[in-house]
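Structure first, commentary second.
Note that the structure is a prediction, hence the values are computed from the model and not measured. Throughout, a chain's letter reflects where its sequence line sits, starting with A, and its residues are numbered from 1. Atoms considered below: every heavy atom in the structure, side chains included; atoms not considered: hydrogens, waters and symmetry mates.
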Amino acid sequence: MEMTITEKILALHAGLDHVEPGELIMAKVDLALGNDVTAPIAIDEFRRHNGKDVFDRQKVVLVPDHFTPNKDIKSAIQCKILRDFAKEKGIENYFEVGAAGIEHALLPESGLVAPGDLIIGADSHTCTYGAVGAFSTGVGSTDLAAAMMSGKAWFKVPQTIKFVYHSSSNGRLKDWVYGKDVILYTIGQIGVDGALYKAMEFTGDVIDAMNMSGRFTICNMVIEAGGKNGVVIPDTTTSNYVNQRVKRPYTVFASDKGARYENIYEYDLTNLKPQVAFPHLPENTRNIDEVGRIDIDQAFVGSCTNGWIEDLRIAASVIRGRKVNTNVRMIVIPATRKIYQQALKEGLIEAFVEAGAVFSTPTCGPCLGGHMGVLAPGERAVATTNRNFKGRMGDLRSEVYLANPAIVAASAVLGRIGSPEELGIEGGVA
Amino acid sequence: MIIRGNAHVFGNDIDTDVIIPARYLNTYDHDELAKHAMEGIESDFYKKVTKGDVIVAGSNFGSGSSREHAPIALMAVGISLVIARSFARIFYRNAFNIGLPLLEVSEDIDSIKSGTPLEVNLDTGLIKELLTNRVYKAKSVPQFMQELLSAGGLMNYMEKKIK
Ligand code: SF4
């Protein structure tokens, strides 16, 4: 029986030859992740139900990243719960502040996620790791507690939607157009519940030509379309990335030719322009040239969506030698320590600071209105993040516009949402 | 199981930042979360809820983050059931995992007004407006979810399984 990559990974981990969409299964997990927001509840549950050892000390990952370095006493207590639990249970993959970073960049970078894995994380953007050809999905704290105890989780096998992206220039996108624009455009087309409960499989020459950071960005935002998981079938780009990091054997799966899809969407992205998602839903997308005049107070480059080194390079290429508009606060946050070090080496930090931006150590920070850049009533931000819900970055009357790092950097200079082309910069950085 | 309570009606795409804004996630104290339940759309919601009340909403209820604080806040404030056109998937599993029942209704439920007293039979999926006697039928709750509810959530369920 022919299956999709998602069905194959689920079947393997459930010990079955075959699974059908809609079927409920209990499956073994290769990794269970929690953070400073979700893990304390899971740990509490684990203890209340007399949990002794975690199912595997190498397969539980705890990352304090949301409110770290501890922003207040309450968050300090939450982080302490993680730290104490990690010590007590001998959890090997606990990342202390100096080593930590945003979980969804940190795990791939640390070689903890591999093709063919089944990964759950008590964080909705756990779907990011589908970019390496894994089945990876966000769950809640109780799921994490149960998985820490038993090494298992329950799933309803999702139907799969296939997305095929073409461009007539061998999969290349226009200047200043990236994975972020592909996924924003897609969500604009299908809506925030367009893939509810479904797997989203990304294919086509645009994906083939895309680097890993672009693929991570795309898979990161499947949850913004309601999706259960996003997945890219591994190719040489994947293996080049994974083989430098993963130190264990893994299995590469692909979808069978005759695999069944709930739907197939094909898009010609040859002329795709940078996309901007207007408040308060990621589906409210417009082309950059249809934005009109939107003055901004804050420009933020960072998060698990666009805090990769490639994103910082793009933003730096726009900002270098220019000044952040006097009406704008620009905040740049690399997703991990390694990215931070790389940015330092390449002189990117210098470029940002010189231009008048602030550059922080890794944290989720402003992405969820936590700290490091919270918005006041009536303020507007343009951000490389993934959610522009009401109040996401601060007060309920503030607004968030989502865009790629080139647009955010150009907007920081312009004082309103705009593109690098308006600054007379030619040729996009890949 | 029969649930009786007044309806609190909301629209489509009620996300987790609305149900419990992220700034309150630095704690999971249930009483504290209850005070901020639905604060993103209705301040002082907790003052308007009587224990046992029911939320009635449109499509994609609970979209956004995986925070279990969302169903916890609703339960803690006294909500006994959420009825919606559809649910976001992580919210769906979180709710059943902690023992908060959800009902999906494909019929038009827009005519249910806030404050309307409802009587819901979870086993049959029948929702009755007590003032008009109008009845709506929800999709049946999958067997596994019923088992989770009757066990009192996933952890109790797993404990039983392991034993
Ligand atoms: S960066 Fe934002 S979206 Fe990503 S894990 Fe952190 S809070 Fe969530």
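- Contacts with chain B were tallied for A:Val374, A:Asn50, A:Ile223, A:Asp44; A:Asp44 has the most, counting heavy-atom pairs under 4.5 Å.
- Proximity to chain A (any heavy atom under 4.5 Å) is shown, for B:Thr16, by neither the backbone nor the side chain.
- Between B:Ile90 atom CD1 and A:Asp143 atom CG the span is 9.0 Å, to the nearest 0.5 Å.
- Only the backbone of B:Glu39 comes within contact range of chain A, judged by heavy atoms closer than 4.5 Å.
- How far CD1 of A:Ile41 is from CZ of B:Arg67: 11.0 Å, rounded to the nearest 0.5 Å.
- The side-chain heavy atoms of B:Phe87 and A:Tyr197, taken from C-beta on, include a pair separated by under 4.5 Å.
- Note on B:Ile98, B:Asn12, B:Asn60: by heavy-atom pairs under 4.5 Å with chain A, the leading option is B:Asn60.
- No other option in A:Ala145, A:Pro282, A:Gly370 has as many heavy-atom pairs under 4.5 Å with chain B as A:Ala145.
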Audit row: A:Trp154, B:Asn97, side-chain contact (heavy atoms from CB on, under 4.5 Å) steps and yes/no: CA-CA 10 Å; A:Trp154 64 269; B:Asn97 279 348; 3.1 Å; yes

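- Rounded to the nearest 0.5 Å, atoms CG (B:Asp13) and CD (A:Glu283) are 6.0 Å apart.
- For the pair B:Asn26 and A:Phe67, the tightest heavy-atom approach, listed with the atom from each and the gap, is N-CE1, 3.9 Å.
- Of the atoms belonging to B:Phe91, not a single heavy atom falls under 4.5 Å from chain A.
- By number of non-hydrogen pairs under 4.5 angstrom with chain A, the leading residue of B:Thr27, B:Ile72, B:Asp15 is B:Asp15.
- Contact annotation for A:Leu281: only side-chain heavy atoms (C-beta onward) come within less than 4.5 Å of a heavy atom of chain B.
- Minimum heavy-atom separation, A:Thr137 to B:Arg89: OG1-NH1, 3.1 Å.
- When every heavy atom of B:Ser66 is checked against every heavy atom of A:Ser124, the shortest pair comes out as OG-N, 3.3 Å.
- Between atom CE of residue A:Met26 and atom CZ of residue B:Phe144 there is a gap of 4.5 Å, rounded to the nearest 0.5 Å.
- Between A:Ser141 and B:Glu68, the shortest heavy-atom contact is N-OE1, 2.5 Å.
- When A:Gly391, A:Pro40, A:Gly394 are compared by the number of non-hydrogen pairs under 4.5 Å with chain B, A:Pro40 comes out ahead.
- In this structure, the side chain of A:Glu224 does not engage the main chain of B:Gly64 through any donor-acceptor pair within 3.5 Å.
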Check the pair A:Val37, B:His69 against side-chain contact (heavy atoms from CB on, under 4.5 Å), reporting the backbone distance first and the verdict last. CA-CA 9 Å; A:Val37 169; B:His69 311 65; 3.5 Å; yes

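- Interatomic distance, CD of A:Glu45 versus CE of B:Met158, reported as 12.5 Å (0.5 Å rounding).
- Within 6.0 Å of atom NZ in A:Lys80, 12 or fewer heavy atoms from other residues, nucleotides or ligands are found, so the atom counts as exposed in its surroundings.
- Comparing A:Ile77, A:Thr126, A:Asn386, A:Asp123 by how many heavy-atom pairs each has under 4.5 Å with chain B, the most go to A:Asp123.
- Chosen from A:Arg48, A:Arg387, A:Lys71, A:Lys390, the residue pairing most often with chain B at heavy-atom distances under 4.5 Å is A:Arg387.
- Looking at every heavy atom in both residues, B:Met155 comes nearest to A:Ala146 through SD-N, 3.6 Å.
- With a 4.5 Å cut-off on non-hydrogen atoms, B:Asn156 touches chain A through its backbone and its side chain both.
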Could you check B:Asn94 against A:Thr142 for side-chain contact (heavy atoms from CB on, under 4.5 Å), going step by step and ending with a plain yes or no? CA-CA 7 Å; B:Asn94 285 348; A:Thr142 300; over 6 Å; no

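- For B:Ile2, the CD1 atom counts as densely surrounded, since its 6.0 Å shell holds more than 12 non-hydrogen atoms of other residues, nucleotides or ligands.
- Expressed to the nearest 0.5 Å, how far CG of A:Asp193 lies from OG of B:Ser63 amounts to 8.5 Å.
- Ranked by heavy-atom pairs under 4.5 Å with chain B, the list A:His371, A:His280, A:Arg392, A:Lys228 is led by A:Lys228.
- Both cation-pi conditions hold for B:Arg93 and A:Phe155: the charged atom is under 6.0 angstrom from the six-membered ring centre and inside a 45 degree cone around its axis.
- A:Lys156 does not touch chain B: none of its heavy atoms, backbone or side chain, sits under 4.5 Å away.
- More than 12 non-hydrogen atoms from other residues, nucleotides or ligands lie less than 6.0 angstrom from CZ of A:Arg47.
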